[in-house]
Amino acid sequence: MEPVPSPVRVRFAPSPTGFLHVGSGHSALANWLFARHSGGEFLLRIEDTDAERDRPELIENVLEMLQWLGLQWDNDPPRQSQRRALYEDAAAKLLADGAVYPCDCTGEQVQARNKESGGKPGYDGFCRDRGLEPGPGRALRFRTPREGRTGWTDLVRGEVSFANSDIEDFVVVRGNGAPMFLLANCYDDADMGITHVIRGEDHVNSTPKYLLLGAALGLAAPEAFAHMPLLVNEGRKKLSKRRDDVSMADYRDRGYLPEAMVNYLALLGWGPADGVEVRPITEIVEQYRLEDVNAAPAFFDQKKLSFVNAEKIRALSTEEFIERATPFLTRGEPAVAALRSLAVEVQERVRTLVEVEPMIEFLVVDQPEVDEASWTKAIVKGKAVPEMVAATIARLEALGAEEWTPAPIEAAVRQAAVDAGIVNAEGEPQLSKAQGPVRVAISGRSVGPPLWESLAVLGRERTIDRLRTMQGQLP
Ligand code: GLU
């Protein structure tokens, strides 16, 4: 009989030392995709073992952002800070078995000895055979085998192994009695029945320690690991919280859609076989395989993220677009009404939801503020600007109230361009040039939704009013 494969169980195990950032989001997503693809479970565990560095209030941020991304977990997440007794018991067992030994060396002592002997950095095994009794101020170090290799199957990296002689006798319990992250991490994976450990590449070097520790505790090792590629910036440097935009919450607040973020993150180090990159998450779940993830560092490209975001915005229904954009409108109900009147046009043009309000603001304010750069571009550097403004006023005033719709407005402005002599060799109006001053007059900006629709919505009186105001301000 074929053995029944054990169901897949993976976990995302954040430490609350920082906000959820795009790198940790990438690891969380890989776990979630793998679980959903294989019909397994996606568990969450809070690794808050570092009392000095942890900021418990950040757990909220992590949970909230996972939820925002749609990466729903399947358990009530355990917190390692509440499981300390279990790790202490495990440490006691290791001590009784001689797998760990007490050590009273300070960091300075170790460094001084290494310097003197010219040996390699890291712990030199000084206390390994001293037979110290455990006690306050004495750490417990793992007695790493001097020979052999420790390795694993990595779904992303293939077979990976380290010479045991290169692994120092690492600390398992601190001198103050606090169990180290590594012990809690490996203990809990076994305790939770984790089958695949999927995490960032920064954990590759500690994986042999994890395996040695697990074996010493008699724990079953996971079936496989997958160490996801490092995310880097355009300088090929590891993303940094200080230098780069990495906070997931910031992306949400800057108007990125969760489905765009998830789609884009999935593409970092991975691509679907059919090459279709922007697609619904259900299709990504179907196609995602860790074996297809590339181990090379992946460039977190904000331009590509914006592109994916724009695509996802355009894929929304108009109603949904309005609904998603509404929380980003600071000007309340009038802004929502303005957006309703130009939603289709705006939806075509924005890359993020924060770009929505500036596009419709001209409909809400009494007189738009003129943007410096737009003024320079369309007015200072414009062609026959006073003539164009005057001709536009005249042509638009000649339109009857019932003609105040996009097509007649367009015809009138084209005519005005001809009147002002803004034409090409064939006598055709040069619209790209002619439109500039009109757009700046009505919206204060040189970019925005299509002009004819904008004027139609703004109304005859307000449009002509604004053109007259500009006429009075021309240089
Ligand atoms: N708590 C670790 C971290 O936040 C994750 C460890 C793991 O996934 O095994 O980096």
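Note that ligands are numbered from 1 as they come in the structure, with each ligand's atoms numbered from 1 the same way. Residue numbers run from 1 in the order of the sequence given. Computed from a prediction, not measured in an experiment: that's the story for all the values here.
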**Q** Got a donor-acceptor contact below 3.5 angstrom from the D48 side chain to the Q80 backbone?
**A** yes
**Q** At a heavy-atom distance under 4.0 Å, which protein residues reach ligand 1? Sort them by chain and number, would you?
**A** R11, A13, P14, S15, E47, F181, N185, R199, H203
**Q** Please find out if less than 6.0 Å separates the ring center of H196 from that of F34.
**A** yes
**Q** Could you walk me through whether H26 and W270 pass ring pair (Phe, Tyr, Trp, His ring centres under 6.0 Å), step by step?
**A** CA-CA 11 Å; H26 186 234; W270 177 83; over 10 Å; no
**Q** Less than 6.0 angstrom separating the ring centers of F12 and W73, yes or no?
**A** no
**Q** Do side-chain atoms of D74 reach the backbone of F42 as a donor and acceptor pair under 3.5 angstrom?
**A** yes
**Q** Check whether more than 12 heavy atoms from other residues, nucleotides or ligands sit under 6.0 Å from atom CZ of F328, and answer yes or no.
**A** yes
